[in-house]
Amino acid sequence: KVVNELHSLDKERKLKALQILNILEKEKEVEPLLYELIKDPDKKIRATVVKALGILGSAEAIKYLIKMLSDPDIRIRANVIETFEHFKNPAIINLLLPFLQNPDNRIRGNTVKALWNLGYLEAKDALEEMINSQNELMRLSALWVISEIDYPEKKVLLEQIMQNDPSQIIHKKAEEL
């Protein structure tokens, strides 16, 4: 029945079915349907499909995820990058490196986090660039990354941020960590 809901014209029913399937992980039955849904015009549907494909993790799913890195929606591209951190494949590192220069804070933050968790510790340089950015959203994303990764110098870095950053919002977030 859940699989049938993927064919529904009702966006909310389709989303709920995708969320259920994310939990159930019914690979063989669902995978071909997900490849159809990745073309759905609704970005929420596509974003949820990305997560489901990440759970599947098959070679074919990875091919589709790579294609989704060029989706026009920033959220979807960021979700794909987030999904890639779970694949312990060295080729993923090379695929993600260009996104370290992306102007979007969420994409860059997810890229730093994914690369760090894949063992690419040179992502530290990109994290430091984010911390020193003029863009407050970029700095907030850097704080999020710091909270999500096992960063050995976390305490020292947070103290430096609280001393040097001009934003009260950044100070408050850094204190919370």
Side-chain angles (χ1 to χ4, degrees), residues 2-3 5-8 10-27 29-120 123 126-127 129-130 133 135-151 173:
V2 173
V3 172
E5 291 297 324
L6 294 175
H7 297 289
S8 173
D10 181 339
K11 173 182 135 182
E12 293 304 316
R13 292 176 75 117
K14 215 183 283 189
L15 279 171
K16 286 201 186 307
L18 283 166
Q19 290 166 345
I20 290 167
L21 292 172
N22 278 342
I23 294 167
L24 297 177
E25 299 181 30
K26 292 194 168 245
E27 299 174 24
E29 296 172 38
V30 176
E31 198 163 349
L33 295 169
L34 293 175
Y35 300 143
E36 290 297 316
L37 287 171
I38 205 72
K39 302 170 196 162
D40 197 282
D42 187 275
K43 62 185 177 185
K44 285 186 179 179
I45 300 290
R46 292 193 319 277
T48 306
V49 170
V50 162
K51 290 179 183 179
L53 289 174
I55 290 169
L56 293 177
S58 70
E60 190 69 17
I62 291 171
K63 287 179 190 174
Y64 275 86
L65 288 168
I66 290 170
K67 290 178 188 175
M68 294 307 295
L69 284 171
S70 60
D71 192 277
D73 187 76
I74 289 171
R75 176 181 178 192
I76 291 167
R77 293 192 311 267
N79 285 357
V80 171
I81 292 166
E82 189 173 41
T83 297
F84 279 147
E85 82 177 67
H86 304 292
F87 300 120
K88 302 301 181 195
N89 181 335
I92 297 294
I93 291 173
N94 290 329
L95 185 69
L96 293 178
L97 287 175
F99 292 96
L100 287 175
Q101 300 306 314
N102 194 286
D104 181 77
N105 63 296
R106 182 169 180 201
I107 287 177
R108 196 180 299 185
N110 282 5
T111 302
V112 169
K113 179 179 177 272
L115 287 169
W116 185 274
N117 288 332
L118 288 169
Y120 185 79
L127 180 59
E129 280 182 30
M130 291 175 70
S133 172
N135 181 329
E136 185 176 62
L137 290 176
M138 194 65 74
R139 297 192 315 272
L140 281 169
S141 290
L143 285 175
W144 172 79
V145 171
I146 292 166
S147 75
E148 293 289 315
I149 64 174
D150 186 20
Y151 194 77
K173 290 287 182 190

- Message: Using the side chain to side chain contact (heavy atoms under 4.5 Å, CB included) criterion, which residues pair with R139? Sequence neighbours excluded.
- Response: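 Applying side chain to side chain contact (heavy atoms under 4.5 Å, CB included) to R139 gives S133, E136, D165, P166, S167, I170.
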- Residue list, side chain to side chain contact (heavy atoms under 4.5 Å, CB included) with D10, at least two apart or on another chain: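 Per chain and number, D10 pairs via side chain to side chain contact (heavy atoms under 4.5 Å, CB included) with S8, E12, R13.
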Taking all non-hydrogen atoms of both residues into account, name the closest pair between [X] and [Y] and its distance.
X	Y	value
A52	L34	CB-CD1, 3.8 Å
S141	M130	CB-CE, 3.7 Å
N94	P98	O-CD, 3.5 Å
V112	A126	CG2-CB, 3.8 Å

Spatial distance of atom [atom1] ([X]) from atom [atom2] ([Y]) [nearest 0.5 Å]:
X	Y	atom1	atom2	result
L37	I45	CG	CD1	7.0 Å
T48	I76	OG1	CD1	9.0 Å
L15	K44	CG	NZ	7.0 Å
I92	F87	CD1	CZ	6.5 Å

Measure the shortest side-chain to side-chain distance between [X] and [Y] over non-hydrogen atoms and say whether it is less than 4.5 angstrom.
X	Y	value
L69	I81	yes
I146	L127	yes
Y120	L96	no

- Item | side chain to side chain donor-acceptor pair (under 3.5 Å) contacts touching residues 74-87 (sequence neighbours left out) |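 Sorted result for residues 74-87: N79-R106, E85-K113, E85-N117.
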- Item | Qualifying residue, where the test is side chain to side chain contact (heavy atoms under 4.5 Å, CB included) with N102 and the options are I107, N110, T111 |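 Filter result, single survivor: I107.
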Review item, side-chain donor-acceptor pairs of residues 53-67, under 3.5 Å, at least two apart:
| unit_1 | atom_1 | unit_2 | atom_2 | d |
| --- | --- | --- | --- | --- |
| S58 | OG | E31 | OE2 | 2.5 |
| S58 | OG | A61 | N | 3.0 |

- Apply the test salt bridge (charged side-chain N to carboxylate O under 4.0 Å, His left out) to residues D71 and R46: give CA-CA distance (whole Å), side-chain angles for both, the deciding distance (0.1 Å), then the verdict. CA-CA 9 Å; D71 192 277; R46 292 193 319 277; 2.9 Å; yes
- Item | Non-neighbouring partners of D104 that pass salt bridge (Lys or Arg N to Asp or Glu O under 4.0 Å), sequence neighbours left out |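 D104: no salt bridge (Lys or Arg N to Asp or Glu O under 4.0 Å) contacts found.
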- Task: Verify side-chain contact (heavy atoms from CB on, under 4.5 Å) between I38 and V50, making sure each step is shown before the conclusion.
- Result: CA-CA 8 Å; I38 205 72; V50 162; 4.2 Å; yes
- Task: Might you work through the side-chain contact (heavy atoms from CB on, under 4.5 Å) test for M68 and V49, ending with a clear yes or no?
- Result: CA-CA 10 Å; M68 294 307 295; V49 170; over 6 Å; no
- Task: Please identify each residue that fulfils ring pair (Phe, Tyr, Trp, His ring centres under 6.0 Å) with W116, with sequence neighbours left out.
- Result: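 Partners of W116 by the ring pair (Phe, Tyr, Trp, His ring centres under 6.0 Å) criterion, ordered by chain and then number, come out as Y151.
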